[in-house]
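Chain naming here is simple, since letters A, B, ... match the order of the sequence lines and numbering starts at 1 in each.
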Amino acid sequence: MLQTIHITHAQKLLTWYDRHHRELPWRVSPAAAKAGERADPYHIWLSEVMLQQTTVQAVKPYFAKFLTLWPKVTDLAAAPVEDVMAAWAGLGYYARARNLKKCAEAVAAEHGGVFPDTEEGLRALPGIGDYTSAAISAIAFNRQSAVMDGNVERVISRLYAIDAPLPGSKPAMKARVAELTPTERPGDFAQAMMDLGATICTPKRPACSLCPFCDDCLAFAEHDPERFPVKAAKKEKPVRLGAVFVAVTPEGEVLLRRRVDSGLLGGMTEVPTTAWTSRIDGGTTTDHAPFPAAWEAFGTVTHVFTHFELRLSVFRAKTARISTADGWWEPVTNLEAQALPTVMKKAITQAIPRAFEKSPN
DNA sequence: TACCCGTGGCG
DNA sequence: TCGCCAAGGGT
């Protein structure tokens, strides 16, 4: 009598992963993982924090730079926070960098420089939430943790055709992930779910014919996988206005300031700027310049943040090297080394077009 | 819970 | 061109 052999979702996915996994700088290949090799928890933690709401391609050069500058977590713990912010500049969500530094310090001081190897221990550290603690637990320590990120949400919502909108449906979806997560190779399973979401079960035009779940997927059976995941409606972005002031000395120095540690672009470097308000006339004139000077209009720059669009009027003035209470003068040739977020680089480039071009030396 | 928090690539 | 979205966390 013929016996039906039940192949689990996890087995199907892991077989797919063995053949189609992505090669990533922080990853141990499935072959090596089967041989018992584990990734460095420091590398996994660093990559996971960088990958929060950030694409793999954007992370790669930053990951390499951080490992060069700080090969071990204790090196990062000992580094000046200003150096960490400058190295993070351009990657966005700067609270991640502040928490990265705090987390490294906690691991060094409270854990002997060794990362906790449980989800609960990891979850207690700064910048490590539900997803990241589960991911490090599974990937670095091969524990059976239910890992759910945006990729997994998409895979699960399609596999079970979940109509309830995110984020409300998140707990139910995580329960499904927990059911699917195997006792064998849970770390590879977690990475495989994310690889599947990133390369096959994509937001638009998913490659369902190549998917190991095509026979099981309810969304595929309904012929409309793109309908999932269902998400709550998002609100529109308001416009905020402001002005920035690029002061340049005859010696080629620019006046910079450090933003407060909390809130938008917290702890990052800026050129003097007004408050950013929704007023039609809000701060677009020289009324709030850092000091009186022959301010000259240099057009505007627009920058879109997560929850508002910013339009900045750019002003430039040639000035003497005035002493200021809350700022410093930085040579234009050294701006690249500063912790300048992208919006500030845009504004400076508007006033000094060649500010961030590589010097001959 | 809902809001705050960057950036760049892509269809 | 522009809305979408990416390995989310903090409060």
Side-chain angles (χ1 to χ4, degrees), chain A residues 21-22 24-27 39 43-63 85 88-100 102-103 122-140 145-155 165-168 170-171 174 177 187 189-199 201-206 226 229 231-238 240 259-268 270 276 302-310 339-346:
Chain A
H21 64 91
R22 289 180 290 177
L24 299 171
W26 45 85
R27 171 175 287 178
H43 295 188
I44 298 303
W45 163 71
L46 181 60
S47 67
E48 289 300 340
V49 173
M50 287 182 168
L51 286 162
Q52 290 166 4
Q53 298 289 285
T54 309
T55 58
V56 166
Q57 285 308 313
V59 164
K60 280 180 178 176
Y62 285 86
F63 179 77
M85 301 307 288
W88 194 278
L91 201 52
Y93 284 133
Y94 298 100
R96 291 186 296 173
R98 300 194 297 272
N99 285 328
L100 190 83
K102 289 180 189 169
C103 183
L122 291 160
R123 182 68 176 77
L125 292 166
I128 298 183
D130 289 338
Y131 161 74
T132 305
S133 57
I136 299 172
S137 165
I139 298 170
S145 297
V147 177
M148 192 173 71
D149 71 329
N151 289 304
V152 180
E153 286 174 358
R154 191 165 54 253
V155 172
L166 286 168
K170 210 166 173 179
K174 182 157 183 174
V177 178
F189 176 82
Q191 296 179 90
M193 286 287 278
M194 293 189 278
D195 277 22
L196 188 72
T199 64
C201 195
T202 50
K204 301 297 180 186
R205 296 179 59 82
E226 288 186 18
K231 294 188 177 180
K234 54 190 66 170
K235 41 187 286 188
E236 61 177 298
K237 285 182 184 178
R240 294 189 197 172
R259 294 175 65 88
V260 295
D261 275 323
S262 61
L264 186 71
L265 307 178
M268 298 295 285
E270 67 174 10
W276 302 339
T302 296
H303 192 77
V304 181
F305 289 97
T306 310
H307 54 297
F308 67 93
E309 175 184 326
L310 177 64
L340 288 163
T342 296
V343 62
M344 293 300 161
K345 288 190 175 183
K346 281 188 189 176

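In this structure, M50(A) atom CE and dG6(B) atom C1' are separated by 15 Å, rounded to whole Å. Remark: P of dG6(B) and NZ of K345(A) are 15 Å apart, rounded to the nearest angstrom. Distance L91(A) CG to dG9(B) P: 13 Å, rounded to the nearest Å. Look at CZ on R259(A): it is 12 Å from C1' on dG6(B), rounded to the nearest Å. For the pair F305(A) CZ and dC4(B) C1', the computed distance is 12 Å after rounding to whole Å. Between E309(A) atom CD and dC4(B) atom P the separation is 16 Å, expressed in whole Å.
A side-chain N or O of T54(A) and one of R96(A) form a donor-acceptor pair less than 3.5 Å apart. For T132(A) and Q52(A), the side-chain atoms include at least one donor-acceptor pair closer than 3.5 Å.
Spacing of C1' atoms, dG6(B) relative to dA6(C), comes out at 12 Å, to the nearest Å. Taking atom C1' in both dC5(C) and dC5(B), the straight-line distance is 15 Å, to the nearest Å. With both ends at atom C1', the span from dT1(C) to dG8(B) equals 16 Å, rounded to whole Å. Atom name C1', nucleotides dT1(B) and dG10(C): the rounded distance is 13 Å, in whole Å.
Residue F308(A) is the one, among A58(A) and F308(A), whose nearest nucleotide of DNA chain B lies closer to the 5' end (criterion: closest heavy atom). Annotation: of the two residues near DNA chain B, T342(A) and R205(A), the 5′-most nearest-nucleotide partner is T342(A).
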Could you walk me through whether D261(A) and R98(A) pass the salt bridge (charged side-chain N to carboxylate O under 4.0 Å, His left out) check? CA-CA 9 Å; D261(A) 275 323; R98(A) 300 194 297 272; 5.5 Å; no
Strictly under 4.0 angstrom, non-hydrogen atoms only: write out the protein contact profile of nucleotides 2-10 of chain C, one letter per nucleotide from the 5' end, B, S or -. ---SBBBSS
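Here P167(A) lies out of heavy-atom contact (under 4.0 Å) with every strand. At a threshold of 4.0 angstrom between heavy atoms, the contacts of V59(A) with the nucleic acid are absent.
For K60(A), the NZ atom is densely surrounded, since the number of other residues' heavy atoms within 6.0 Å is greater than 12.
Taking only side-chain nitrogens and oxygens, H303(A) never comes nearer than 4.0 Å to OP1 or OP2 of dG6(B). The phosphate of dC4(B) (OP1 or OP2) has no side-chain N or O of H307(A) nearer than 4.0 angstrom.
A cation-pi contact, defined as under 6.0 Å to the ring centre and within 45° of the axis, is absent between R123(A) and W45(A).
When ring centroids are compared, F305(A) and H303(A) come within the 6.0 Å threshold.
Ring planes of F63(A) and H43(A): perpendicular class, angle over 60° (limits at 30 and 60°).
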